[in-house]
Amino acid sequence: MPPSSISHPVPGPTQTTPAPSPARQRRRHRTVAAWVAACALALLLIGLAGQWAANREANFQADSIRRAMEVHVLGLRDAAGKYSYLPFTAGLHPDVLAALAKPNDAAAKQRANLYIERVNRQAGSDVLYLIDLQGLTLAASNWATPQSFVGESYANRPYFIDARAGRNGLFYGVGQTTGEPGLFISSPVRGEGGEIRGVVTVKVSLRQVQETWNFVRDPILLSDARGVVFLSSVPAWMYRASRPLEASELEGMRRDQQYGTHTSFAALPWKVEREEGEPGYLVRTSIGGRPRQYLAVDERLPDLGWTLTVMTDHAEVANARERAWMLGLLCAVVLLLAGLYWQLRERRFAEQRDARRVLELRVRERTHELDEAHAFRKAMEDSLLVGMRARDLEGRIIYVNPAFCEMTGYGADELLGKLPPYPYWHPNDVTQHWRHYDAMMSGQPVRSGFESRLRHRDGHEVITMVYTAALIDADGKHSGWMSSVVDITEQKRAELRQRQNDEQLQHAQRLASLGEMASTLAHELNQPLMALSNFASAAKAFAEQGNQRLLVSSLDEAVTQAQRSAEIVRRIRGFVRQRTVGTEDCSVAALAGNAIALLQGEIRMRQARAELRIPAGLPEVRGDRVLLEQVLLNLLSNSLHAMQAVPPEQRLVEIEAELKEGRMHIHVADRGPGIDAAVAEQVFSPFFTTKTGGLGLGLNICRTIVEAHRGRLTFADRPGGGAVFTLELEISPPP
């Protein structure tokens, strides 16, 4: 189109009619409308950018809260867990048992006082004391202080009631004697026949946690299961409730004297706003007479019965929104000025662009046919991604396409006319290359193709799949050979990466399983280590007394506990290893026994039992021992989790094995609620889980491992309630 048709109206009787004015007016209206629409769009984008910035800042704050919460949770769990072993261990000492056996013997009680005082001083806890079955304190580490617990009755305390019933007690409250708050951890003292003879309790202060929180900028608080705040960085929030308390709850706290003189709990001075999809919730309150707004996130600690709440100043979200608005407005102004400049420039150079456009059009018309012919020939040659190589009857290369040149790194001029050995043959596979070459020259190429490793010119390896067929000329004569060469290097690398990813995922699941057992394993190691200390102390005492028989017995027990600790560590190290010995013959009884041994601590903690019913004489199975143990470990762990709501006397996991139709069938049955039919199809799906805090990968990895062993993993309902997972494996061939 000529320039006049763009910059001028259509020729006509313009001298007698006012046609150009309405046309220019319409163009002006369209321009104004376009600018108005651009401004409206810019304002909309600025608003969306501000909201995005606010959401991003809110998510950042929530992530910061979660990271800080992890640190606080670790501190709380450490404060509550590092003394959990102390009551149980102290209750094993002969002086403690003697004081319970002879409550009226002043000398026995004094020996217990001295022992408990020494243990408490070495452990670093606040108070350690011994209570009889009536709730009366017989001995305490503070027996010589004005606020001694000796003679005080704590029969009303929940931690005493739990320990007397045979359970470990955990209770936070204000001390009845000292008036100082603390965490009370109790354990029953059992006689030689297993009967409960008394209770040992340790009091742990959380003052260090409270003092640490006093230096935190934003509020942190810890509340109990009823919602009563008992630790807070804001003193005004102490002993306030996050919800209205029922009369029964208030009566229970008054009966237990949990918070001393505090018997009524006002509501927290909060106004909570929750929004769907937000990472936390907003808290509007006033601190020091100043209105404040915080983003709060709760973290429940079910093992302690507490809820940790961490807050951060929400004003940064509004500031982020305002900064985004200001930056957006600035960008919009800059773009507006740039648009105006561009419009003026376009008007100025319109004719020059039109002239260049006409010139370019004429050049394209004259070279169009030449470009089409060249592009057609080039496309035919370069369109193939598969390398093509033609050789004559003597093995001389007579044709290569660009894909083959790129695959080998050599140009066509460097390859044409070459006889074997070719420069791209891999030096480590020369013998194999000659074998394939001789087979081709003899007229018997591998029709199904063969895998060949080439050496690129720059030195890296290229793995290819080669297919060769006879080359027939126009007269129908055999004139050579045509080979298509497919680069499968990335496919091989992907297969290797997939195998490595599978190994890493299996290792991650083993680490996740080990993480779930961490607290139990710590308890398992603390018990034999503390028992070692006690037996060593007893051995020293017996040596001083010259009691040879008891000295030897104490030393034997110390050796047994040391071997027990070493066995626990050995099993953990064997399970966590990523590298395994590979395929071997494995005993079913040994596999199941090792899995049960690794979970022994968790089984005791959950007050469950595991029964192994494997007949003698079963053949061994063939597979990777560590991976098969991982499968059994995951199935056992899932069974223990499934029986959390079942009464302790019914918590039984049964492991059976049988030889059926030439294959080994291993059954893992529990007495939990079973598997809901609504989720049965998703049980083996990745990232699907019904377990709080689970990854959703355990059963998926188990099935992958079993199928890699040419086996099968299935599940079914157990008669009488529960679920049964069946692991079907190949047996080892007879020698």
Side-chain angles (χ1 to χ4, degrees), residues 83-120 123 125-205 224 248-261 263 305 534 607 648:
Y83 296 108
S84 60
Y85 73 91
L86 196 56
F88 173 79
T89 306
L92 299 175
H93 199 273
D95 290 343
V96 173
L97 296 174
L100 290 173
K102 301 176 181 179
N104 297 323
D105 188 343
K109 290 196 292 184
Q110 183 60 20
R111 286 194 299 272
N113 280 327
L114 295 175
Y115 167 73
I116 291 176
E117 181 184 15
R118 184 173 64 255
V119 171
N120 182 73
S125 53
D126 278 18
V127 185
L128 183 66
Y129 50 103
L130 173 66
I131 309 173
D132 64 11
L133 294 180
Q134 286 71 41
L136 186 65
T137 304
L138 298 179
S141 60
N142 62 355
W143 62 274
T145 64
Q147 293 182 325
S148 171
F149 288 6
V150 177
E152 297 291 337
S153 175
Y154 300 108
N156 63 318
R157 289 297 211 176
Y159 63 81
F160 170 76
I161 297 172
D162 289 341
R164 183 177 177 181
R167 303 183 298 271
N168 291 329
L170 185 70
F171 176 76
Y172 183 89
V174 175
Q176 291 184 177
T177 304
T178 63
E180 293 292 331
L183 179 64
F184 297 85
I185 305 172
S186 64
S187 178
V189 179
R190 300 181 182 271
E192 295 181 356
E195 74 281 1
I196 298 175
R197 302 178 62 180
V199 175
V200 176
T201 304
V202 62
K203 180 180 179 182
V204 181
S205 175
D224 61 16
S248 59
E249 294 176 319
L250 293 173
E251 176 60 28
M253 285 189 285
R254 281 193 292 269
R255 182 181 62 250
D256 300 339
Q257 299 182 24
Q258 182 171 5
Y259 297 115
T261 59
T263 57
N534 289 336
Q607 300 181 11

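Computed from heavy atoms alone, side chains included, the values below leave out hydrogens, waters and symmetry copies.
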Just wondering, more than 12 heavy atoms not from Glu192 lying within 6.0 Å of its CD?
no

Less than 4.5 Å apart, any side-chain heavy atom of Phe88 and any of Asn168?
no

Quick one: are Leu100 and Leu138 in side-chain contact, heavy atoms under 4.5 Å?
yes

Parallel, tilted or perpendicular: which fits the ring planes of Phe149 and Tyr129, with parallel below 30° and perpendicular above 60°?
perpendicular

Asp105 CG to Arg111 CZ distance, which is reported to the nearest 0.5 Å
6.5 Å

To the nearest 0.5 Å, tell me how far Asp224 CG sits from Glu249 CD.
9.0 Å

If every non-hydrogen atom of Ala139 is compared with every non-hydrogen atom of Lys109, which pair is closest and at what distance?
CB-O, 4.2 Å

Would you confirm whether Arg255, through its side chain, and Asn156, through its main-chain N or O, come within 3.5 Å as a donor-acceptor pair?
no

Taking Gln134's backbone N and O only, do any of them form a donor-acceptor pair with Asp132's side chain (distance below 3.5 Å, no angle check)?
yes

Could you tell me which non-hydrogen atom of Gly198 sits nearest to which non-hydrogen atom of Leu133, and how far apart they are?
N-CD2, 3.8 Å

With a 4.5 Å limit on heavy-atom distance, are the side chains of Ser125 and Val202 in contact?
yes

Side chain of Gln258, backbone of Tyr172: donor and acceptor closer than 3.5 Å?
yes

Answer yes or no: is there a donor N or O on one side and an acceptor on the other, between the side chain of Thr137 and the main chain of Glu152, under 3.5 Å?
yes

State, to 0.1 Å, how close Pro188 and Arg167 come at their nearest heavy-atom pair, and which atoms those are.
CD-O, 3.8 Å

Would you please test Lys203 and Thr178 for side chain to side chain contact (heavy atoms under 4.5 Å, CB included) and show each step?
CA-CA 11 Å; Lys203 180 180 179 182; Thr178 63; 3.2 Å; yes

Between Ser187 (side chain only) and Pro87 (backbone N and O only), is there a donor and an acceptor less than 3.5 Å apart?
no

Are the side chain of Asn142 and the backbone N or O of Val127 linked by a donor-acceptor pair below 3.5 Å?
no

Say you draw a straight line from CG of Asp256 to CD of Glu251; how long is it, rounded to the nearest 0.5 Å?
9.5 Å

Where Ile196 and Ala165 come nearest, the two heavy atoms and their spacing
CD1-C, 4.1 Å

Shortest non-hydrogen contact from Gly151 toward Leu136
O-CD1, 3.1 Å

Any heavy-atom pair between the side chains of Tyr115 and Leu130 that's under 4.5 Å?
no

May I have the step-by-step check of side chain to side chain contact (heavy atoms under 4.5 Å, CB included) for Ile185 and Leu86, ending in yes or no?
CA-CA 9 Å; Ile185 305 172; Leu86 196 56; over 6 Å; no

Phe160 and Tyr154 aromatic centres sub-6.0 Å
no

In this structure, OG1 of Thr145 is separated from CH2 of Trp143 (nearest 0.5 Å) by 10.0 Å

How close do Ser153 and Gln176 get, counting heavy atoms only, and between which atoms?
O-NE2, 3.5 Å

Kindly say whether Leu170 contributes a backbone atom to a donor-acceptor pair with the side chain of Asp162 at under 3.5 angstrom?
no

Rounded distance [0.5 Å steps], CZ in Phe171 versus OG1 in Thr201
11.5 Å

I want to check a possible cation-pi pair here: Arg157 against Phe184, using under 6.0 Å from ring centre and within 45° of the ring axis as the test.
yes

Can you tell me how far OH of Tyr83 sits from CG of Asn120, rounded to the nearest 0.5 angstrom?
8.5 Å

